[in-house]
Protein chains: 2
Amino acid sequence: MAARRVTIVEIAQRVGLSKTTVSDALHGGGRVSPATAAKVAAAARELGYVTNRAARQLRGRSVGAFGIYIPPIARNFNFYMEFAFGAAHGSAEHDADLTLFARDADVGPRHFQVDGVLAVDPLPGDPMLQRLADAGIPMVTAGRPPEALADAVAAVIEAPHSDLARLVLDHLHQCGYRRPAFVGSDRQFYSSWADDVRQSYLDWCATYLTEPSACDCPLDATAEELGAAVRSAVAPTDVDALVCAPQGFAGRAIGILESVDRHVGPGFGLASLSSDPTTELSNQRITAVDLAPWTFGREAVNLLAAVIAGEPRPYLNRFEKVAIRKAGESTGRPWASE
Amino acid sequence: MAARRVTIVEIAQRVGLSKTTVSDALHGGGRVSPATAAKVAAAARELGYVTNRAARQLRGRSVGAFGIYIPPIARNFNFYMEFAFGAAHGSAEHDADLTLFARDADVGPRHFQVDGVLAVDPLPGDPMLQRLADAGIPMVTAGRPPEALADAVAAVIEAPHSDLARLVLDHLHQCGYRRPAFVGSDRQFYSSWADDVRQSYLDWCATYLTEPSACDCPLDATAEELGAAVRSAVAPTDVDALVCAPQGFAGRAIGILESVDRHVGPGFGLASLSSDPTTELSNQRITAVDLAPWTFGREAVNLLAAVIAGEPRPYLNRFEKVAIRKAGESTGRPWASE
DNA sequence: TTGAAAGCGGTACCAT
DNA sequence: ATGGTACCGCTTTCAA
């Protein structure tokens, strides 16, 4: 099984230095000479040295791992999966592991063995977030946290959701669609994102003097629930487009719209504000916002690492590498690369 | 920040015993008297003691973490997300963290800080799996591994995919459908699962003296690619049902089938061998196999933990908590609970 | 710039 | 059934 691990003492013997020096050369704050550092690094590589995180954590206070927490309700969406793997990649770049937190991970009182945590779409009242906050773990959120958590959060990263929603609506308008309806998520998923896009829709309608027609439904809506929401949203006869907020809704809406004689195309516009790669980004009939989750997750981890390292960062950070793929534009295979 | 943690020494002082006794009372093999154990447990609870895992691991040689690896191509499917969170829960029950491995996590020579790894749907030629094998990390796979990896794998857990596929086909037959077509995944995703269900289909056709009509397409098929595969599979005029293997294909196929005048219902059967909760399990028109990924992930971790602990286990383990939800049967909200 | 020694909080081993 | 003590591998503190 796992061969006995090489320790810094062995490296020290090999290069004829003390273990203190070796420790510093490998992890410390650069008090050793460059020449020594290089020698130590070479020996470490040769011997196949691996830091013993338990030991490091026991004495010092860094763990070498970040945590990620995703609310259970949101797990249906591969956005979060991609985000998580982007975060894992980013963590590796910071020489840290990424630990996946389950909500009910507290089988008896456990401590979080991480240097910081990334909370994605933090939802009000989530007990796990409260535990994280109580534990005093440096926390970065993707999406703005609820009031109650604001003090526990060191920094936030978010995509410009309001702008994106407005741009999508403007685009629909340019295409000649005059009255877009809206289907969003209900209070079960009261994230800042859900709030932003809904508000953007209402504001846009006010600007364009259009009567809003919005419906909410559960994030994990069944066919019936989504069907009801979509039909209700597009019920007014002059509605000539539909904007769906959560990932996958727009793709699933196509069939529903057919069933009420709204054929997506020149006569009826369809847009998705958070898009699924296979059903929405790759479907040319849909105007789709690509939130680039993998890259998003990676940048979120970069922010977390900076916060932990004490580097100054603004509280609110924008993730800009998003894109709108307009209906009719070619698609390629999205998210195919790592 | 993190308040200073209570140690066993403090408990020892409190109850007037040695730290050895306290340690044994809390974790050890029951060499202390029940009365003492109770007293210690009470004191621990009162003081809010939480085991310091780093310290514990330092003396032993365990890391206190399991790894999970999911092939990038498969990430579109929330099956894996649920599986991962079930695994995270199971890990917590074993007092371990769950580390998410990204394929290209090796930014420099990092080593895997885990006691073992869970590889889900291990694909032939995956360099990450090779690295894990080379590292000599105890490995359990969900789904049988490719030949080249067999020696590196300590145990396998899998659902009875062949049986499930046969049962689904039998059910379709009982419903009066005579010639089911099949859409599976292509070689990009050459997992044992993909192989099993495809072979089951062919075998079933042979048994029932039916001409198979099978098509493969990429796991991350675009609308066009899936459309082409489905249309091709159901092209023979006597095809009166469709069985889709990968998660989400059946749900997406409904609209495609409509476009070629095959209306899912009494006249045309549709089944999914790995089902998406919102689009397939909740859709009563589809006969859907529920692979119960959360529970699956949890059991897979249990197996991994047993293997690491040296408990004897068979090489091949079956995950039986699967279910077939037949068309017409009521659905409930699947996967809603944690 | 480097080294020696003292821990961190448990567990293992040997005594009693 | 309980206690004493060395020690896991690393970081920190203090000295040189």
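All of these numbers come straight from a predicted model, not from anything done at the bench. Here is the naming used below: chain letters follow the sequence lines, and residue numbers restart at 1 for every chain.
Rounded to whole Å, atom P of C:dG10 lies 12 Å from atom CG of B:D95. As a whole-Å value, the separation of A:L58 CG from D:dT11 C1' is 10 Å. The distance between atom NZ of A:K39 and atom C1' of C:dT1, rounded to the nearest whole Å, is 12 Å. When rounded to the nearest whole Å, the span between CZ of A:R56 and C1' of C:dG7 equals 18 Å. Look at CG on A:N52: it is 13 Å from C1' on C:dC8, rounded to the nearest Å. One atom, CD1 of B:I8, and another, P of C:dT11, lie 6 Å apart when rounded to the nearest Å.
Over its full length, the helix from C:dT1-D:dA16 to C:dT16-D:dA1 turns its helical axis through 30°, comparing axes from the five pairs at each end and rounding to 10°.
Applying the side-chain contact (heavy atoms from CB on, under 4.5 Å) test to B:A155 and every residue at least two apart in sequence or in another chain returns B:V140, B:L303, B:V307, B:N317.
Classified by interplanar angle (parallel below 30°, tilted 30° to 60°, perpendicular above 60°), the ring pair B:Y49/B:H27 is tilted. Ring geometry, B:F296 versus B:F79: the interplanar angle exceeds 60°, so the pair is classed perpendicular (tilted spans 30 to 60°).
A:H111 and B:N52 form no side-chain donor-acceptor contact under 3.5 Å, judged by distance and modelled atom types alone. For the residue pair B:Y69/B:D126, the side-chain donor-acceptor check at 3.5 Å is satisfied. Side chains of B:T21 and B:S18: a donor-acceptor N/O pair is present below 3.5 angstrom, by distance only.
Mapped onto DNA chain D by nearest heavy atom, B:V32 and B:R59 fall at different nucleotides, with B:V32 at the one closer to the 5' end.
A:T141 places no side-chain N or O within 3.5 Å of a backbone atom of A:R144 that could act as its donor or acceptor partner. Remark: the backbone N or O of A:F66 is not paired with any side-chain donor or acceptor of A:D115 at under 3.5 angstrom.
The nucleotide whose nearest atom lies closest to any side-chain atom of A:H27 is, among D:dT11, D:dG9, C:dT2, D:dT11. When distances run from any side-chain atom of B:A55 to the nucleotides C:dG9, C:dT2, D:dT2, the shortest one goes to C:dG9.
Tested against A:D121 for a side-chain hydrogen bond (donor to acceptor under 3.5 Å, both in side chains), the candidates A:W193, A:Y80, A:Y190 yield a single pass: A:Y80.
Of the residues in residues 12-24 of chain A, A:K19, A:T20, A:S23 come within less than 4.0 Å of DNA chain D through at least one heavy atom, sorted by number.
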